[in-house]
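Report on one structure; see the data block that follows.
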There are 2 protein chains.
Amino acid sequence: MTAATATGFRQVRNEILSRIRDRTWPLGALLPSESALAEEFDCARATVNRAMRELADAGIVERRRRAGTRVVKDPVRHAQFKIPIVRQEIERTGATYRYALLSREALTAPDWLRSRFGWSRSSKVLHVTCLHLAGTRPYQFEDRWISIAMVPKAAGESFEHISPNEWLVREVPYSDGEISFLAEQATGDMAELLQVAPGDAIFVAERMTWLGDDPVTYARMSHPGHYRVTTRF
Amino acid sequence: MTAATATGFRQVRNEILSRIRDRTWPLGALLPSESALAEEFDCARATVNRAMRELADAGIVERRRRAGTRVVKDPVRHAQFKIPIVRQEIERTGATYRYALLSREALTAPDWLRSRFGWSRSSKVLHVTCLHLAGTRPYQFEDRWISIAMVPKAAGESFEHISPNEWLVREVPYSDGEISFLAEQATGDMAELLQVAPGDAIFVAERMTWLGDDPVTYARMSHPGHYRVTTRF
DNA sequence: CAGTGGTCTAGACCACACA
DNA sequence: GTGTGGTCTAGACCACTGC
């Protein structure tokens with residue numbers, strides 16, 4: 001009620017969030033306009049705008065020109081998580097990172113990959129498989145496919161001393177990507193590689209990355225099932 | 001090279017990103033100051049600031065007062081994903097949502113939960129288990145624990161017609177939370193509930209939410225293993 | 001201490017969408 | 001048309017931190 005002397009955009013943001021939580025503005029409600037809130041909080045409209053924009057980015061309010069700002073009626077929270085380089089992920093646990101190349105082969109893209117890449121005609125890809133270890137314990141199996149057309153330098157890289165994961169991050173930084181997580185059962189081969197029992201649960205992260213509209217690489221990263229991805233929201 | 005007449009913050013952001021991608025500014029490099037870029041792009045410093053802030057939020061550059069802005073040397077990409085209400089997630093696939101309450105019991109928090117909640121002494125919680133179905137197919141098993149101290153209204157809710165997931169989202173909107181994903185093998189009971197074979201892979205999402213410093217609820221959401229969480233970055 | 005980013009301001013113009 | 005958010009500007013002051 002009191003016109004809280006909230007100058008900073010964080011204070012404005014928190015005050016708005018409080019009012020949403022305490023049902024001053026219930027789910028689906030229309031909030032006052034930026035100018036009205038700027039007047040109430042005695043700050044510039046740009047300050048209210050930044051506060052509201054952050055709430056919109058977090059999926060808490062919806063904003064539309066002319067229609068105004070509403071509390072989202074069916075909350076869909078947004079959570080952000082980090083996608084680290086495997087080596088760093090392992091070293092951050094205090095373990096020694098080790099890397100083992102398993103296979104490396106240049107070939108024509110198989111049909112399933114051609115379809116994923118959206119290629120009408122098949123083209124050359126580099127297929128690399130390798131293992132990331134934490135100390136002596138297998139941490140992740142990487143099954144990597146790289147478009148040679150998009151990353152010609154890959155053809156000259158042996159991947160004996162650096163993983164495709166790390167090499168690509170350095171060589172093709174900040175491409176666009178998509179990541180999926182899923183659970184699978186270990187086949188015999190995978191179980192042996194990851195040193196788990198056949199049939200054990202495997203946590204798989206599947207990634208595709210593009211540069212513009214062109215596919216760069218596809219990878220499946222398989223972890224023993226006790227692996228977790230965690231994030232706050 | 002050309003002083004691209006990039007007025008909008010998106011253009012500025014994209015131009016900076018291009019220069020990072022084409023190694024004009026390699027990994028770890030120091031970028032020009034905001035004022036210098038504002039002059040080059042012939043725009044206000046605030047515009048450059050917004051562009052740089054977005055790149056910093058995305059984990060592409062690091063900014064420190066006095067030290068300036070650097071391209072992150074070890075790229076750790078940030079991906080954002082949505083945490084929907086289960087019912088909406090199912091209905092968005094075109095399937096009919098069905099819900100079945102399995103159990104509901106008020107009890108003293110067991111030790112493992114007390115420890116997760118950071119409670120020095122145990123207190124009352126409500127334990128609810130239920131099943132979310134897409135048509136006739138089990139979609140998710142929800143194992144839910146709610147702090148009665150934090151959500152006294154839960155004690156008066158039967159959860160026969162609304163799931164704890166959806167009820168909590170409506171009743172305690174926009175609390176803070178943590179979510180983890182992991183892979184597990186189905187035990188006999190879980191396999192029967194989710195109609196998969198015992199030992200099949202299960203995709204588990206584990207959530208904790210707080211209001212301020214107080215734990216509100218803990219839940220394990222178990223899906224058949226073919227379930228995926230996908231996001232772009 | 002000096003230079004960088006962090007933030008706020010007051011004002012302006014624009015794009016959009018609904019009446 | 002008209003009111004909303006979206007964005008930009010020019011300037012200002014501040015906070016942090018490396019020199």
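Chain A is the first sequence line, chain B the second, and so forth, proteins listed ahead of strands; every chain is numbered from 1.
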Handout entry: Residues B/Y99 and B/E166: side-chain donor-acceptor under 3.5 angstrom
Key = no
Problem - B/M52 CE to C/dT7 P, straight-line distance once rounded to whole Å - result: 14 Å
Exercise for the section: May I have the distance from B/E62 (atom CD) to D/dG18 (atom P), rounded to whole angstrom? Expected result: 13 Å
Exercise for the section: Give one of base, sugar-phosphate or nothing for B/R45, where a contact means two heavy atoms less than 4.0 Å apart. Expected result: base
Practice task
Return the orientation label for the B/Y227 and B/H223 ring planes: parallel under 30°, perpendicular over 60°, tilted otherwise.
Solution key: parallel
Problem - Gap between atom OG1 of B/T231 and atom CD1 of A/I83 - 0.5 Å precision - result: 8.0 Å
Exercise for the section: Give the rounded distance in Å between these two atoms: CZ of A/R13 and P of C/dT7. Expected result: 10 Å
Practice task
Could you tell me whether the side chain of B/W25 reaches within less than 4.5 Å of the side chain of B/R70, counting heavy atoms only?
Solution key: no
Handout entry: Those residues of residues 26-38 of chain A lying under 4.0 Å from DNA chain C by at least one heavy atom
Key = none
Problem - Test side chain to side chain donor-acceptor pair (under 3.5 Å) applied to A/Y139 and A/R98, A/E89, A/R87, the passing residue - result: A/E89
Practice task
Could you tell me the separation between the CZ atom of B/R53 and the C1' atom of C/dT7, rounded to a whole number of Å?
Solution key: 9 Å
Exercise for the section: Determine whether more than 12 heavy atoms belonging to other residues, nucleotides or ligands lie under 6.0 Å from atom CZ of B/R23. Expected result: yes
Problem - Test of ring centre spacing under 6.0 Å for B/F81 and A/F81 - result: yes
Exercise for the section: Calculate the interatomic distance between A/E39 atom CD and C/dG11 atom P; express it in whole Å. Expected result: 13 Å
Handout entry: Basic-acidic side-chain contact under 4.0 Å: A/K82, B/D74
Key = no
Problem - DNA chain C contacts among residues 63-73 of chain A, heavy-atom distance under 4.0 Å - result: A/R64, A/R65, A/R66
Handout entry: Electrostatic pair B/D176:A/R21 at N-O distance under 4.0 angstrom
Key = yes
Problem - Value in whole Å for how far the C1' atom of C/dA15 lies from CG of A/N49 - result: 14 Å
Practice task
Salt-bridge test for A/E157 and A/K153: reply yes if a basic N is under 4.0 Å from a carboxylate O, no otherwise.
Solution key: no
Practice task
State whether a side-chain donor-acceptor pair under 3.5 Å links A/R144 with A/T217.
Solution key: yes
Problem - For DNA chain C, stems built from three or more consecutive Watson-Crick or G-U wobble pairs below 3.5 Å - result: C:1-18 with D:1-18
Practice task
In whole angstrom, give the distance that lies between atom CG of A/D42 and atom C1' of C/dT9.
Solution key: 11 Å
Fill in the blank from the handout: A/E54 CD to D/dG6 P, in whole Å, measures 14 Å
